[in-house]
Trainee: 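The structure is given below, and queries will be raised subsequently.
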Amino acid sequence: MPTLLVTGASRGLGLEFTRQFSASGWRVHAACRNPDGATELAAVPGDVTVHKVDVTDSASVDALKASIGDEPIDVLLNNAGVIGSREGFDGLDYTAWAGAMDTNIFGPMRMAEAFMDNVLASDRKQMVFISSKMGSIALTSPNAYVYRSSKAGLNMAVACLALEKRSAGLTAMLFHPGHVQTDMGGSAAPLTPPESVAGMKSVIEGLTQADNGTFKNYDGTSLPW
């Protein structure tokens, strides 16, 4: 039975990842900031263990690692993220910017560092990071400085990770999940969480080390950096 560890699991894409992987017979470690309030997550059937984690807090990440121990993790899915601020140049909020960097870059890298040995001990040896095409320099447009720069930074961090750990057998890659009907994407977005996650799950299940260091759309098509 393969094992998934997913962050940001209490709602949106993280909750849907938990549902779909559990339904496919995976063991799921579902981590979120407030498990006590995650009623939908607690109701997901299957081999699902709910954990508390705040990816901006190293002690919290270390506590999650201690709880899971040395169990092999086939796929570490770094999903937790924040929009930070949608403002343009004249409305820059540096506090929000710093917070977005902490959650969207440092958080996934804290998780990658803490669980590297677990992932490398598994059969699949995969780390998946939820990014956004808003982090693509080739596809950029004005505004949303905070979110765009945080995701561009994540893209670079994962590209470095993929190169450094390639010889150890790691496959690390990034997804743009599409414009999805979540708290971040809004109710008018064209994709539902089940549609987005079904596409990404299909790609994840077919990943090989040839996909190491890639940036893909939820449907598996490649995206420019």
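For clarity, every value in this text was computed on a predicted model and none was experimentally measured. The residues of the chain are indexed from 1 along the displayed sequence.
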Trainee: Might you point out which heavy atoms bring Thr182 and Pro193 nearest each other, and give the distance in Å?
Mentor: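 That closest heavy-atom pairing would be CG2-CG, 4.3 Å.
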Trainee: Using 0.5 Å steps for rounding, measure from the OG atom of Ser136 to the CG atom of Asn155.
Mentor: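 It comes to 8.0 Å.
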Trainee: Would you compute the distance between atom CD1 of Ile204 and atom CG of Asp74 and round it to the nearest 0.5 angstrom?
Mentor: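 Interatomic distance, Ile204 CD1 to Asp74 CG, rounded to 0.5 Å: 12.0 Å.
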Trainee: When clusters are formed by joining ILVMFWY residues with side-chain heavy atoms under 4.5 Å apart, either directly or through shared neighbours, do Phe215 and Tyr147 land in the same one?
Mentor: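 No.
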Trainee: When you group the ILVMFWY residues by side-chain heavy-atom contacts below 4.5 Å and let the links chain together, are Leu154 and Ile83 in the same group?
Mentor: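 Different hydrophobic clusters.
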Trainee: Between the side chains of Lys216 and Asp211, is the shortest nitrogen-to-carboxylate-oxygen separation below 4.0 Å, so that they form an ion pair?
Mentor: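 Salt bridge: yes.
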Trainee: With no hydrogens and no angle check, just 3.5 Å: does a side-chain donor-acceptor pair link Lys65 and Asn118?
Mentor: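 Looking only at side-chain atoms, Asn118 and Lys65 do form a donor-acceptor pair, the distance falling under 3.5 Å.
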Trainee: Atom CD of residue position Glu71 - does it have more than 12 heavy atoms of other residues, nucleotides or ligands inside 6.0 Å?
Mentor: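 Count over threshold, so yes.
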Trainee: The test is side-chain contact (heavy atoms from CB on, under 4.5 Å); show your working for Lys201 and Ser24 and say whether it passes.
Mentor: CA-CA 10 Å; Lys201 179 174 177 288; Ser24 291; 2.7 Å; yes
Trainee: Quick one, Trp225 and Ile137 - any side-chain contact, counting heavy atoms below 4.5 Å?
Mentor: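 No - every pair of side-chain heavy atoms lies 4.5 Å or more apart.
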Trainee: Considering only heavy atoms from C-beta outward, does the side chain of Val180 approach that of Glu16 to under 4.5 Å?
Mentor: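 Side-chain contact under 4.5 Å: no.
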Trainee: State, yes or no, whether a side-chain contact exists between Tyr218 and Val197 at a heavy-atom distance under 4.5 Å.
Mentor: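 No - every pair of side-chain heavy atoms lies 4.5 Å or more apart.
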Trainee: For Ser150 and Trp97, does a side-chain donor sit closer than 3.5 Å to a side-chain acceptor?
Mentor: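 Trp97 and Ser150 do not have a side-chain donor-acceptor pair below 3.5 Å.
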Trainee: Identify the two heavy atoms, one from Pro224 and one from Ala138, that lie closest to each other, and give their separation to 0.1 Å.
Mentor: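 That would be CB-CB, 3.9 Å.
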Trainee: Do Val53 and Val119 belong to the same hydrophobic cluster, where Ile, Leu, Val, Met, Phe, Trp and Tyr are linked whenever their side-chain heavy atoms lie under 4.5 Å apart, directly or via other members?
Mentor: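 Looking at the clustering, Val119 is in the same group as Val53.
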Trainee: Could you verify whether a donor N or O on one side chain and an acceptor N or O on the other, from Ser202 and Glu205, lie under 3.5 Å apart?
Mentor: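 No - no donor-acceptor pair under 3.5 Å links their side chains.
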Trainee: Find out whether Leu77 and Leu4 are in side-chain contact, i.e. whether some heavy atom of one side chain is under 4.5 Å from a heavy atom of the other.
Mentor: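 With C-beta onward as the side chain, the pair touches.
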Trainee: Any side-chain heavy atom of Lys133 sitting closer than 4.5 Å to one from Asn217?
Mentor: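 Lys133 vs Asn217: side chains apart.
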Trainee: Treat each ILVMFWY residue as a node, draw an edge where side-chain heavy atoms are under 4.5 Å apart, and state whether Val75 and Met200 are in one component.
Mentor: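 Yes, because Val75 and Met200 connect within a single hydrophobic cluster, where side-chain heavy atoms sit under 4.5 Å apart.
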Trainee: Any salt bridge linking Arg110 with Asp102? Criterion: basic side-chain nitrogen under 4.0 Å from a carboxylate oxygen.
Mentor: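 Yes, charged N to carboxylate O under 4.0 Å.
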Trainee: Between Phe175 and Phe129, is any pair of side-chain heavy atoms under 4.5 Å apart?
Mentor: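 They are not in side-chain contact.
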Trainee: Pair up each side-chain donor or acceptor in residues 35-48 with any protein partner under 3.5 Å, not counting sequence neighbours, and list the distances.
Mentor:
{"unit_1": "Glu40", "atom_1": "OE2", "unit_2": "Arg19", "atom_2": "NH2", "d": "3.3"}
{"unit_1": "Asp47", "atom_1": "OD1", "unit_2": "Arg27", "atom_2": "NH1", "d": "2.8"}

Trainee: Group every Ile, Leu, Val, Met, Phe, Trp and Tyr by side-chain heavy-atom contacts under 4.5 Å, then state whether Phe21 and Leu207 land in the same group.
Mentor: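 Yes, because Phe21 and Leu207 connect within a single hydrophobic cluster, where side-chain heavy atoms sit under 4.5 Å apart.
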Trainee: Which heavy atom of Pro177 sits nearest to which heavy atom of Ser196, and what is that distance?
Mentor: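 So the two residues come closest at O-OG, 2.7 Å.
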Trainee: Of all heavy-atom pairs between Arg148 and Pro142, which one has the smallest distance, and what is that distance?
Mentor: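 The pair with the smallest heavy-atom distance is NH2-O, 3.9 Å.
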Trainee: Any heavy-atom pair between the side chains of Phe115 and Leu64 that's under 4.5 Å?
Mentor: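 Of all side-chain heavy-atom pairs linking Phe115 with Leu64, at least one is under 4.5 Å.
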Trainee: May I ask you to test the His29-Ile68 pair for a side-chain heavy-atom distance under 4.5 Å?
Mentor: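 A side-chain contact exists here, since the closest heavy-atom pair is under 4.5 Å.
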